[in-house]
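This one's a predicted model, so the numbers in the text were calculated from it and none came from an experiment. Throughout, a chain's letter reflects where its sequence line sits, starting with A, and its residues are numbered from 1.
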Protein chains: 2
Amino acid sequence: MDQDTTLAFSAHDHAACRAATLARAEEVARARNLRLTPVRRRTLEILLEAHKALGAYEVLDRLVEDGFARQPPVAYRALDFLVENGLAHRIRRLNAFAACLHPGEPHMPAFLICDRCHTLAEAPGTAVAEAMHQAAGAVGFAIDRMSIEATGLCPACQEAAG
Amino acid sequence: MDQDTTLAFSAHDHAACRAATLARAEEVARARNLRLTPVRRRTLEILLEAHKALGAYEVLDRLVEDGFARQPPVAYRALDFLVENGLAHRIRRLNAFAACLHPGEPHMPAFLICDRCHTLAEAPGTAVAEAMHQAAGAVGFAIDRMSIEATGLCPACQEAAG
DNA sequence: AATGAATATGTTATGTAATAACAAGTCAAG
DNA sequence: CTTGACTTGTTATTACATAACATATTCATT
């Protein structure tokens, strides 16, 4: 298991973590000629600061604090842009969004959502994705995108819940 | 690959298919002492007739035709009951519901959603689920439930689009 | 049969998530 | 310096989901 995944369930330096991820995201944007405009950049920062999944309207609330208009499209457009470009992920079970922790690296995240503390971990889903492609291939289905999400209890909450 | 999955993407006798599935669902309900009341039974029939994923309000529209009140809880309660008891599935990517095609048989469905014709197939996701449990176990996460969904093109639509 | 606990339904209202549509502004390439 | 692509501002609407509480039904137990 890689380090980042483990980190999601442990205490760590959020500030350093998010600064590094943001820096990597900016590199990716530059390399691909993406326009990381103020709203978009701020939206990504917000997701990184939260370090968990945020609903579009929660993001919007924070954008408002930064002077942007309180209008759903403001948040949705920025979030959609980030998701389209692999800088954020959409968590369907939560109707929420989270910053991608591995921008640039092609990866198929499998999300682990704690029912109790709502921490979100991005586990490496390569094996999962492979099994999925196999199952789909067997019936001739050509996969474009997939969402692989699980709910349950993170290590800490398992202890707490006994 | 099992037969049912293949069937989802081919022409077949919908009427016979849904009658058989409904019969199996009724057996399951009897065996487990579930109360398959009129709304619930009718809701299941509606899902089976559609043979694709339906939004809660689409289900509600059809329930209204059968004399039930046009109130969201009517549809949601019936749908939630069916999902809770494994007689239907919730497709998160679509905010929609579909009848389970294998009621009673424990299974982990992997959903394949065609972007073009919106057909939904329930592929056997055992291998996928296993890979998932492995990935989760490695970080100490205890999975309760998971959703495995993919969008893409079904065989027929690949040809049409190709 | 009476009764009480659990379950299911009827109903009103509200909360939450997401998008349509169009006008106006920005920016880089020709 | 203008054209075309992209981005943003703004209004309004649509879609999805649940809270809360009253009523009724069911079923096991007296």
Novice: Going by number, which of residues 30-39 of chain B have a non-hydrogen atom under 4.0 Å from DNA chain C?
Specialist: B/R35, B/T37, B/V39
Novice: What are the two closest non-hydrogen atoms of B/C157 and B/R116, and how far apart are they?
Specialist: SG-NH1, 3.1 Å
Novice: Between A/F111 and A/E122, is there a side-chain heavy-atom distance shorter than 4.5 Å?
Specialist: yes
Novice: Quick one: bend of the helix from C/dA1-D/dT30 to C/dG30-D/dC1 from 5 pairs per end, to 10°?
Specialist: 30°
Novice: For chain A and DNA chain C, what are the first and last nucleotides along the strand, 5' to 3', with at least one atom under 4.0 angstrom from a heavy atom of the protein chain?
Specialist: C/dA17 to C/dC27
Novice: By a strict heavy-atom criterion of less than 4.0 Å, which residues belonging to residues 68-79 of chain B are in contact with DNA chain C?
Specialist: B/Q71, B/P73, B/R77
Novice: Under a single-linkage definition using a 4.5 Å side-chain heavy-atom cutoff for Ile, Leu, Val, Met, Phe, Trp and Tyr, are B/M132 and A/L120 assigned to the same hydrophobic cluster?
Specialist: no
Novice: Do A/M146 and A/L112 belong together in a cluster built from hydrophobic side chains that touch within less than 4.5 Å?
Specialist: yes
Novice: May I ask you to test the B/T21-B/L44 pair for a side-chain heavy-atom distance under 4.5 Å?
Specialist: no
Novice: State yes or no: do A/M108 and B/I113 share one hydrophobic cluster built from I, L, V, M, F, W and Y residues joined by side-chain heavy-atom distances below 4.5 Å, directly or via other members?
Specialist: no
Novice: What residues from residues 85-100 of chain B pass a heavy-atom cutoff of under 4.0 Å to DNA chain C?
Specialist: none
Novice: Kindly determine whether B/T43 and B/L79 satisfy side-chain contact (heavy atoms from CB on, under 4.5 Å), including the steps that lead there.
Specialist: CA-CA 7 Å; B/T43 299; B/L79 289 165; 3.6 Å; yes
Novice: Could you check if a side-chain atom of B/F68 sits within less than 4.5 angstrom of a side-chain atom of B/V39, using non-hydrogen atoms only?
Specialist: yes
Novice: Any base atoms under 4.0 Å from B/F81, or only sugar-phosphate, or nothing? Heavy atoms, all strands.
Specialist: nothing
Novice: For chain A and DNA chain D, what are the first and last nucleotides along the strand, 5' to 3', with at least one atom under 4.0 angstrom from a heavy atom of the protein chain?
Specialist: D/dC6 to D/dT11
Novice: Using a strict 4.0 Å threshold on nitrogen-to-oxygen distance, state whether B/R42 and B/E49 make a salt bridge.
Specialist: yes
Novice: Would you say A/L94 ends up clustered with A/I148 if hydrophobic residues are merged whenever their side chains have heavy atoms under 4.5 Å apart, either directly or through other cluster members?
Specialist: no
Novice: Are side-chain heavy atoms of A/R70 and A/D61 found at a separation under 4.5 Å?
Specialist: yes
